[in-house]
Amino acid sequence: DGGITQSPKYLFRKEGQNVTLSCEQNLNHDAMYWYRQDPGQGLRLIYYSQIVNDFQKGDIAEGYSVSREKKESFPLTVTSAQKNPTAFYLCASSRGREGRSRDEQFFGPGTRLTVL
Amino acid sequence: QKEVEQNSGPLSVPEGAIASLNCTYSDRGSQSFFWYRQYSGKSPELIMSIYSNGDKEDGRFTAQLNKASQYVSLLIRDSQPSDSATYLCAELSGGYNKLIFGAGTRLAVHP
């Protein structure tokens with residue numbers, strides 16, 4: 001089955017710890033994204049990557065880091081510098097370079113991070 | 001600051017009725033708009049994309065786009081209790097593939 005997987009589904013972190021959220025896709029999509037969702041709010045873009053070995057900051061990149069070493073994978077690290085990391089983290093992917101103006105994004109199941 | 005505005009709801013409709021969800025956006029240059037459905041505790045699921053003025057129909061769903069008035073809407077015909085969810089409107093920002101989301105409208109379909 002083609003799709004996007006995220007792990008873990010739930011993650012608990014102590015203050016001061018860095019944690020890494022996994023995102024993998026087998027859709028052969030070029031572009032991948034990380035969003036954050038807080039209760040009652042829309043999704044906000046953290047980082048995105050249009051191609052392997054390249055990524056760009058989104059609207060709320062402070063306290064986060066990413067890498068894009070493989071087309072299929074786009075892990076997100078939530079560092080201790082992120083002041084309020086408790087949220088629902090969503091990874092998405094899209095075809096990317098082709099048909100940019102009509103590029104549909106599809107989401108993985110999400111990771112719910114709680115800071116204890 | 002580009003924004004997408006939605007009424008947070010809840011919008012309550014009886015089973016079998018038409019649910020009408022609305023969204024306005026501020027970026028006149030936006031070309032592409034999307035509706036996602038999000039069940040409680042789950043991730044968003046893409047249900048409609050619309051790129052041209054007018055209506056686009058897919059089963060019980062109809063998306064409507066009016067670029068002159070900068071609004072996009074979603075109609076759900078013959079609403080079912082399983083349609084109860086939060087519906088997110090999003091526009092694709094020009095220049096790169098950045099989606100700007102509204103906060104969502106919660107729909108409740110009661111039997």
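No experiment lies behind these values; they were computed from the predicted model shown. Each chain gets a letter, A, B and so on, in the order the sequences are listed, and its residues count up from 1.
Asp55(B) and Thr62(B) are not linked by any side-chain donor-acceptor pair at a separation below 3.5 angstrom, with hydrogens and angles left out of the test. Gln105(A) and Tyr35(A) share a donor-acceptor pair across their side chains, judged by distance under 3.5 Å alone. In this model, no donor atom of one side chain and acceptor atom of the other lie less than 3.5 Å apart for Gln25(A) and Lys71(A). A side-chain N or O of Tyr64(A) and one of Arg36(A) form a donor-acceptor pair less than 3.5 Å apart.
Considering only heavy-atom pairs separated by less than 4.5 Å from chain B, the leading option among Gln6(A), Gln41(A), Gln56(A), Glu104(A) is Glu104(A).
A distance-only check finds no donor-acceptor pair linking the side chain of Ser79(B) to the backbone of Gly16(B) [under 3.5 Å]. Here the side chain of Glu3(B) pairs no donor or acceptor atom with the backbone of Phe101(B) at under 3.5 angstrom.
For the side chain to side chain donor-acceptor pair (under 3.5 Å) test, no residue two or more places apart in sequence or in another chain qualifies with Ser84(B).
The stretch residues 36-49 of chain B places Tyr36(B), Gln38(B), Gly41(B), Lys42(B), Ser43(B), Pro44(B), Leu46(B), Ser49(B) near chain A, each with some heavy atom under 4.5 Å from a heavy atom of that chain. Against chain B, the residues from residues 108-116 of chain A that qualify, each with a non-hydrogen atom under 4.5 angstrom away, are Gly108(A), Pro109(A), Arg112(A) in number order.
Leu92(B) and Ile100(B) end up in different hydrophobic clusters when Ile, Leu, Val, Met, Phe, Trp and Tyr side chains are linked at under 4.5 Å.
Residue Leu43(A) touches chain B through both its backbone and its side chain, counting heavy-atom pairs closer than 4.5 Å.
Residue pairs meeting the salt bridge (charged side-chain N to carboxylate O under 4.0 Å, His left out) criterion with at least one member in residues 41-53 of chain A, sequence neighbours excluded, are Asp38(A)-Arg44(A).
Ring pair Tyr51(B)/Phe34(B) is perpendicular by interplanar angle, where above 60° counts as perpendicular and below 30° as parallel.
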